[in-house]
Amino acid sequence: MSAYETIYNIVRQIPYGQVATYGQVADLANLPGRARFVGYALYRVAPDSDIPWHRVINAKGEISESPVRYGSDYLQRSLLEAEGIQLSPQGKISLRKYRWRSELKG
DNA sequence: CTAATGACGTAGA
DNA sequence: ATCTACGCCATTA
């Protein structure tokens with residue numbers, strides 16, 4: 001059981017039409033303050049994986065763009081819009097509305 | 001074992 | 001809101 005598998009487990013729990021921040025996923029994965037691990041874990045995940053990686057965004061409500069993704073960041077935005085999530089012209093997401101409220105945390 | 005990497009978060013200005 | 005700087009520590013070569 002790698003630490004990443006725990007993160008993947010959390011990401012799979014994100015319901016349709018909602019998003020979670022890296023910090024939130026890290027917290028749910030019992031890894032407080034290890035938000036970087038979440039991002040690094042998703043980096044290992046393949047775009048065609050069964051993990052809803054596109055529902056994970058940063059605390060600013062934006063999609064993390066990085067050259068290592070080779071455009072998968074654009075794909076993420078498309079997937080989010082496909083789920084009914086509205087993005088601001090700047091690519092921001094209203095965490096106030098779409099943030100996944102964990103059942104475990106209350 | 002060491003060195004480098006990394007889709008982030010928080011605090012201060 | 002924007003920018004700068006530091007911390008976090010598993011994973012990989």
Side-chain angles (χ1 to χ4, degrees):
Chain A
M1 185 62 155
S2 300
Y4 287 169
E5 294 185 12
T6 303
I7 295 174
Y8 300 149
N9 198 354
I10 299 298
V11 175
R12 277 191 262 249
Q13 294 179 4
I14 302 175
Y16 179 94
Q18 293 185 2
V19 298
T21 64
Y22 293 96
Q24 183 174 359
V25 174
D27 188 20
L28 294 173
N30 196 18
L31 299 171
R34 281 54 148 193
R36 306 193 81 197
F37 288 168
V38 179
Y40 195 32
L42 295 178
Y43 167 73
R44 299 279 319 283
V45 177
D48 60 349
S49 176
D50 59 331
I51 300 172
W53 54 270
H54 57 277
R55 294 178 190 157
V56 182
I57 57 179
N58 57 21
K60 294 180 295 188
E62 297 180 358
I63 298 172
S64 295
E65 298 180 352
S66 181
V68 301
R69 302 186 64 184
Y70 299 102
S72 61
D73 47 7
Y74 178 80
L75 175 63
Q76 181 172 6
R77 175 168 180 163
S78 180
L79 292 171
L80 292 174
E81 290 179 341
E83 294 188 355
I85 297 175
Q86 297 177 342
L87 285 84
S88 294
Q90 296 178 349
K92 288 187 182 176
I93 298 173
S94 299
L95 294 174
R96 208 40 185 267
K97 293 165 52 178
Y98 300 106
R99 195 190 63 162
W100 171 44
R101 297 200 259 149
S102 167
E103 298 176 357
L104 298 176
K105 291 201 59 176

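Chain naming here is simple, since letters A, B, ... match the order of the sequence lines and numbering starts at 1 in each.
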Tyr98(A) side, atom OH; Ile85(A) side, atom CD1 - distance, nearest 0.5 Å: 7.0 Å

Protein-to-nucleotide contact annotation, 5' to 3' order, nucleotides 8-13 of chain C [B base; S sugar-phosphate only; - none; under 4.0 Å, heavy atom]: BBSBS-

Residues forming a side chain to side chain donor-acceptor pair (under 3.5 Å) with Thr6(A), sequence neighbours excluded: none

Student check: side-chain heavy atoms of Trp100(A) and Ile10(A) closer than 4.5 Å: yes

Partner set under salt bridge (charged side-chain N to carboxylate O under 4.0 Å, His left out) for Arg36(A), not counting sequence neighbours: none

Selection: residues 14-22 of chain A, any non-hydrogen atom under 4.0 Å of DNA chain B: Tyr22(A)

For DNA chain B, the dot-bracket pattern of Watson-Crick and G-U pairs whose distances stay under 3.5 Å, | for other-strand partners: .|||||.||||||

Atom pair distance, as rounded to whole Å: CG in Leu42(A) and C1' in dC8(B): 11 Å

Residue pair Ala29(A) / Ile7(A): nearest heavy atoms and the distance that separates them: CB-CG1, 4.2 Å

Between P of dC8(B) and CD1 of Ile10(A), the distance in whole Å: 19 Å

Set of side-chain contact (heavy atoms from CB on, under 4.5 Å) partners for Tyr43(A), sequence neighbours left out: Tyr40(A), Val68(A)

Atom pair distance, as rounded to whole Å: CG in Asp27(A) and C1' in dC8(B): 14 Å

Considering all heavy atoms, the nearest Ser64(A)-Asp73(A) contact: O-CB, 4.1 Å

Euclidean distance, atom CG of residue Leu31(A) to atom C1' of dG7(C) [Å, nearest integer]: 15 Å

Set of side-chain contact (heavy atoms from CB on, under 4.5 Å) partners for Glu5(A), sequence neighbours left out: Met1(A), Ser2(A)

Any residue meeting side-chain contact (heavy atoms from CB on, under 4.5 Å) with Ala35(A), in chain and number order, not counting sequence neighbours: Tyr22(A)

Residues that Arg12(A) engages under side chain to side chain donor-acceptor pair (under 3.5 Å), provided they are two or more places apart: Asp50(A)

Interatomic spacing from CG in Leu79(A) to OH in Tyr74(A) - rounded to 0.5 Å: 11.0 Å

All N/O donor-acceptor pairs, side-chain side in residues 52-60 of chain A, below 3.5 Å, sequence neighbours left out:
{"unit_1": "Trp53(A)", "atom_1": "NE1", "unit_2": "Pro47(A)", "atom_2": "O", "d": "3.3"}
{"unit_1": "His54(A)", "atom_1": "NE2", "unit_2": "Glu83(A)", "atom_2": "OE2", "d": "2.9"}
{"unit_1": "Arg55(A)", "atom_1": "NE", "unit_2": "Glu83(A)", "atom_2": "OE1", "d": "3.2"}
{"unit_1": "Arg55(A)", "atom_1": "NE", "unit_2": "Glu83(A)", "atom_2": "OE2", "d": "2.9"}
{"unit_1": "Arg55(A)", "atom_1": "NH1", "unit_2": "Ile14(A)", "atom_2": "O", "d": "2.8"}
{"unit_1": "Arg55(A)", "atom_1": "NH2", "unit_2": "Glu83(A)", "atom_2": "OE2", "d": "2.8"}
{"unit_1": "Asn58(A)", "atom_1": "OD1", "unit_2": "Lys60(A)", "atom_2": "N", "d": "3.2"}
{"unit_1": "Asn58(A)", "atom_1": "OD1", "unit_2": "Gly61(A)", "atom_2": "N", "d": "3.1"}
{"unit_1": "Asn58(A)", "atom_1": "OD1", "unit_2": "Glu62(A)", "atom_2": "N", "d": "2.8"}
{"unit_1": "Asn58(A)", "atom_1": "ND2", "unit_2": "Glu62(A)", "atom_2": "O", "d": "3.3"}

Check: Ile63(A) and Leu80(A) side chains under 4.5 Å, non-hydrogen atoms: yes

DNA chain B-proximal residues of residues 56-65 of chain A, any heavy atom under 4.0 Å: Asn58(A), Ala59(A), Ser64(A)

